[in-house]
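What follows is one structure encoded as C-alpha cells, with my remarks underneath.
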Amino acid sequence: MESVKVIIVGGGAAGLAAAKTLGSNVDYLLIEAQNYIGGRIRTIDAVPNVTVDLGAQFIHGETNNLLYEICKSLDCILPVTDIKKILAITSDRTIVDPEIIRQVLIVWEELLDEARSIFGDTTIPKNYPLSDYLLEHLKQRLLSAIPSLDNLVDAFCDFFNKGELIENGCFKLSDLSLAEYGSYEYLNGLYEIEFKNGGYRPFISYMKSFIPDDNRIRLNSEVIRVKYLKENHQLLVNIRHHDKTSEQQQPISAILCDHIIWTSSLGYLKENFSSIFVDEIELIEQKQDAINNLGFDVINKVIMIYEKLFWPENVGDIILLQAQKQKSIEFSNSLKNLLKTEKIDIQLINTIIEAIHRYVVLPSTNIPILICWFGGPAAVLLEDLSEYIIGQICHEVLCYYLNISFKLNPLIRVLKSEWYKNKFIRGSYSYYSIKSSTKDGEQLRATYAPDGIPRIQFAGEATSARAYSTVHGALESGIRESNILLSIMNK
C-alpha cells in the first residue's frame, strides 16, 4: 500500500501554504478533489487577454499581511490612481447628489464601527443578530444626520443590508452574530486591494512553484474516509478518483500516512465531516458542534462583458436604490418569451431583481466589464439560470435605471460563479452565526491527537481567529498548521 508522511487535503490557499511551509524535504502529498489548484480562488480567461476572478477577488489590508507582501513582490497589484465615483440611481431614475452619498457612507461606517466595538461585551447575548442592531439604529441615525434623506432612507437601509449580506457571506443578516461581529481584524491600508489583469493567477502560480514536482499533487481525488490505526499509529485514507468515469466506476484507493492537514471549506465539512471521520468518535465529538454552529453560506457574482462603455467613464460603482413600491421593470419581449419557454417561475425572477443593488466596474482592463454581486436567496437561485438569462436580466435592469436602450449596448459575454452548486465547496466563506462563538472557532482549529501526537490538523479560512473569510486568513492557517507539524517532526 502506498504511504507518505503527510497528506494535505485541499489545494486552495491554505493547502498550498501548508505545502510551501513543509518544504520539499518532507514527504507530503497534496490531494485536491477538483480538477484545478486554487480552491475558492478561480481565475479564468473571460475574453482574449482579459481575466476575471470567479471567486476571491481582493486583498484585504496591507500591514502585517503576508498575502499583500507576496503579491506586491509579484507586481500583480493594481496601483491606485484616481478614485472612481459612485453613481447612485433611484428606481424612479433620479441620480442622487454625490454629497448625499458621501454623508450616508460616513454614517454607515460609523455605525458599523460601533457594532464592531461591541465584541468582547459579555452582556450581549450571542444570539442577538446584527439585523436587530441595524433595525434599531440605522434609519434613525441616517435621518438624524441627513434630515433631507426622508424619502430615500428606506432605500438606503435596503441597499446597506444587501451589501452586508455579501460582505459577510451570510444568507440573511438575522443569522449574523452581533456579539462576534467585531472579532474580524481589519488590517491597516486599503480594505479592498485590486489586482492587475491576471487576478489571483500569479499568486497561485507562485505558491504552486514550491511544490517540487507534479507527483506531489493528485487532482480529481476526494478523500472520502479517514481512520486512525492504533496498532501502528497511522491514518488510513480512502480516496475516490473523479476522473472521466461514471459515478459507478469511480475507483477508490487507499494511502497510509502519519499526519493530515485538512484544509477543505467549512461548507464541505458541514456536508461530509461525519461520514469521512465516522470511525473517529472522539474527533466528531470534538468538532461537530463547531462545524454546525459556524456560519457558511453563499454569495455569487455575474460578470457582464460589453463591447463599448455606456456609463460615465469616471464611474467605478453603480448603486441602485429601490423604492419599496417601485414600478415593475418591463423586460424585452425576447427575454419574456425566453423566461416563458424555459418555464422560469416569476417569483424566482422577482427575487433576483430585488437582490440587484450594485454593479462594480472591473478596473484592471479597458474592456468594459461590470460585476453584479448577489447574496441571500438570489445567490442560490441564479445558479439554476443560464449565463445568458441571468446576464440579460442584470443588463436590462441596469439599462432601466440608466434610462437607456438595452439593444444599443449589447452584452458580448456573461460569466457567473456557482459556489453553492460546487459539491466540494458548498458556499463562499465563513462567518460567526448567532449559534456560534469564538469557542467554536477554537474547536474547529484544534488538533486531533488520539495518541497524544497531533494526527489530524485543520486549516482554512474558517479556522482563522481574526481573518476568517479571507485569502490571507487561509494562507496564515496553512503556515500555522505546518509549523506545528514541523516542530513535532523535528523533536
Side-chain angles (χ1 to χ4, degrees), residues 1-34 36-39 41 66-67 69-70 73 203-239 241 253-265 276-277 280 283 444-461 463-464 471-491:
M1 184 183 296
E2 184 181 5
S3 67
V4 295
K5 188 73 174 177
V6 182
I7 285 179
I8 301 168
V9 180
L16 290 171
K20 179 178 181 295
T21 306
L22 287 177
S24 58
N25 291 332
V26 173
D27 181 24
Y28 69 80
L29 183 63
L30 189 151
I31 297 177
E32 168 57 53
Q34 302 190 90
Y36 68 94
I37 291 295
I41 297 174
L66 178 60
L67 174 66
E69 293 300 327
I70 291 172
S73 70
F203 168 74
I204 294 297
S205 297
Y206 167 80
M207 295 298 292
K208 186 176 179 292
S209 71
F210 289 92
I211 299 175
D213 60 76
D214 287 343
N215 292 328
R216 298 276 193 117
I217 302 172
R218 303 273 171 88
L219 297 178
N220 301 301
S221 301
E222 180 186 11
V223 174
I224 57 172
R225 193 156 180 177
V226 174
K227 183 177 182 179
Y228 175 66
L229 306 176
K230 294 181 181 178
E231 59 274 14
N232 58 356
H233 301 277
Q234 285 187 300
L235 297 157
L236 177 64
V237 181
N238 291 330
I239 300 166
H241 301 278
S253 64
I255 303 177
L256 286 172
C257 67
D258 293 345
H259 307 274
I260 290 175
I261 298 178
W262 192 282
T263 76
S264 74
S265 75
I276 293 169
F277 298 104
E280 306 306 315
L283 177 59
L444 185 64
R445 61 180 169 271
T447 58
Y448 178 57
D451 57 355
I453 297 172
R455 296 296 175 186
I456 306 176
Q457 298 165 252
F458 289 80
E461 55 83 11
T463 71
S464 174
V471 177
H472 71 265
L475 184 72
E476 291 165 359
S477 73
I479 295 169
R480 178 193 72 216
E481 295 306 319
S482 286
N483 281 330
I484 291 171
L485 186 51
L486 287 172
S487 69
I488 295 163
M489 294 166 66
N490 291 334
K491 283 183 179 178

Consider only side-chain N and O atoms of Glu280 and Tyr228, and report whether a donor and an acceptor are under 3.5 Å apart.
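Not at all, the side chains of Glu280 and Tyr228 share no donor-acceptor pair under 3.5 Å.
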What's the spacing between [X] [atom1] and [Y] [atom2] if we round to 0.5 Å?
{"X": "Arg480", "Y": "Gln457", "atom1": "CZ", "atom2": "CD", "result": "9.0 Å"}
{"X": "Asn483", "Y": "Glu476", "atom1": "CG", "atom2": "CD", "result": "12.0 Å"}
{"X": "Ile217", "Y": "Ile37", "atom1": "CD1", "atom2": "CD1", "result": "4.5 Å"}
{"X": "Ile7", "Y": "Ser221", "atom1": "CD1", "atom2": "OG", "result": "10.5 Å"}
{"X": "Ser24", "Y": "Phe210", "atom1": "OG", "atom2": "CZ", "result": "10.5 Å"}
{"X": "Ile211", "Y": "Leu16", "atom1": "CD1", "atom2": "CG", "result": "5.5 Å"}

Any donor and acceptor pair, going by atom type alone, linking the side chain of [X] with main-chain N or O of [Y] inside 3.5 Å?
{"X": "Ser464", "Y": "Glu461", "value": "no"}
{"X": "Ser477", "Y": "Ala459", "value": "no"}
{"X": "Glu222", "Y": "Ile224", "value": "no"}
{"X": "His259", "Y": "Ile456", "value": "no"}
{"X": "Glu32", "Y": "Gly11", "value": "yes"}
{"X": "Ser205", "Y": "Phe203", "value": "no"}
{"X": "Ser482", "Y": "Ile479", "value": "no"}

Which atom of [X] lies closest to which atom of [Y], heavy atoms considered:
{"X": "Ser3", "Y": "Asp27", "value": "O-OD2, 4.1 Å"}
{"X": "Ser73", "Y": "Ile70", "value": "OG-O, 2.6 Å"}
{"X": "Thr21", "Y": "Leu486", "value": "O-CD1, 3.5 Å"}
{"X": "Ala13", "Y": "Val471", "value": "CB-CG1, 4.0 Å"}

Let's go through Leu235 and Leu229 carefully: what are the C-alpha distance in whole Å and the side-chain angles of both, what is the deciding distance for side chain to side chain contact (heavy atoms under 4.5 Å, CB included) to 0.1 Å, and is it a yes or a no?
CA-CA 6 Å; Leu235 297 157; Leu229 306 176; over 6 Å; no
May I ask you to say whether Arg218 pairs ionically with Glu2, meaning some side-chain N is under 4.0 Å from a carboxylate O?
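So Arg218 pairs with Glu2 through a salt bridge.
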Could you go step by step and tell me if Val237 and Cys257 meet the side chain to side chain contact (heavy atoms under 4.5 Å, CB included) rule?
CA-CA 8 Å; Val237 181; Cys257 67; 4.0 Å; yes
Do [X] and [Y] have side-chain heavy atoms sitting under 4.5 Å apart?
{"X": "Leu475", "Y": "Met207", "answer": "yes"}
{"X": "Pro454", "Y": "Ile488", "answer": "yes"}
{"X": "Thr447", "Y": "Arg455", "answer": "no"}
{"X": "Ile8", "Y": "Leu22", "answer": "yes"}

Run the numbers on Ile41 and Ile204 for side chain to side chain contact (heavy atoms under 4.5 Å, CB included), then give the verdict.
CA-CA 8 Å; Ile41 297 174; Ile204 294 297; 3.8 Å; yes
After noting the C-alpha distance and the side-chain angles of Trp262 and Tyr448, does the key distance pass the ring-ring contact (aromatic ring centres under 6.0 Å, His included) rule?
CA-CA 11 Å; Trp262 192 282; Tyr448 178 57; over 10 Å; no
For Val6 and Leu29, run side chain to side chain contact (heavy atoms under 4.5 Å, CB included): C-alpha distance rounded to whole Å, both residues' side-chain angles, the deciding distance at 0.1 Å, then the answer.
CA-CA 6 Å; Val6 182; Leu29 183 63; over 6 Å; no
Between Arg216 and Tyr28, is NZ or CZ placed under 6.0 angstrom from the six-membered ring centre and within 45° of the ring axis?
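Arg216 over Tyr28 ring: yes.
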Does atom CG (Asp213) have a neighbourhood of more than 12 heavy atoms from anything else shown, all under 6.0 Å?
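For Asp213, atom CG is crowded (more than 12 foreign heavy atoms under 6.0 Å).
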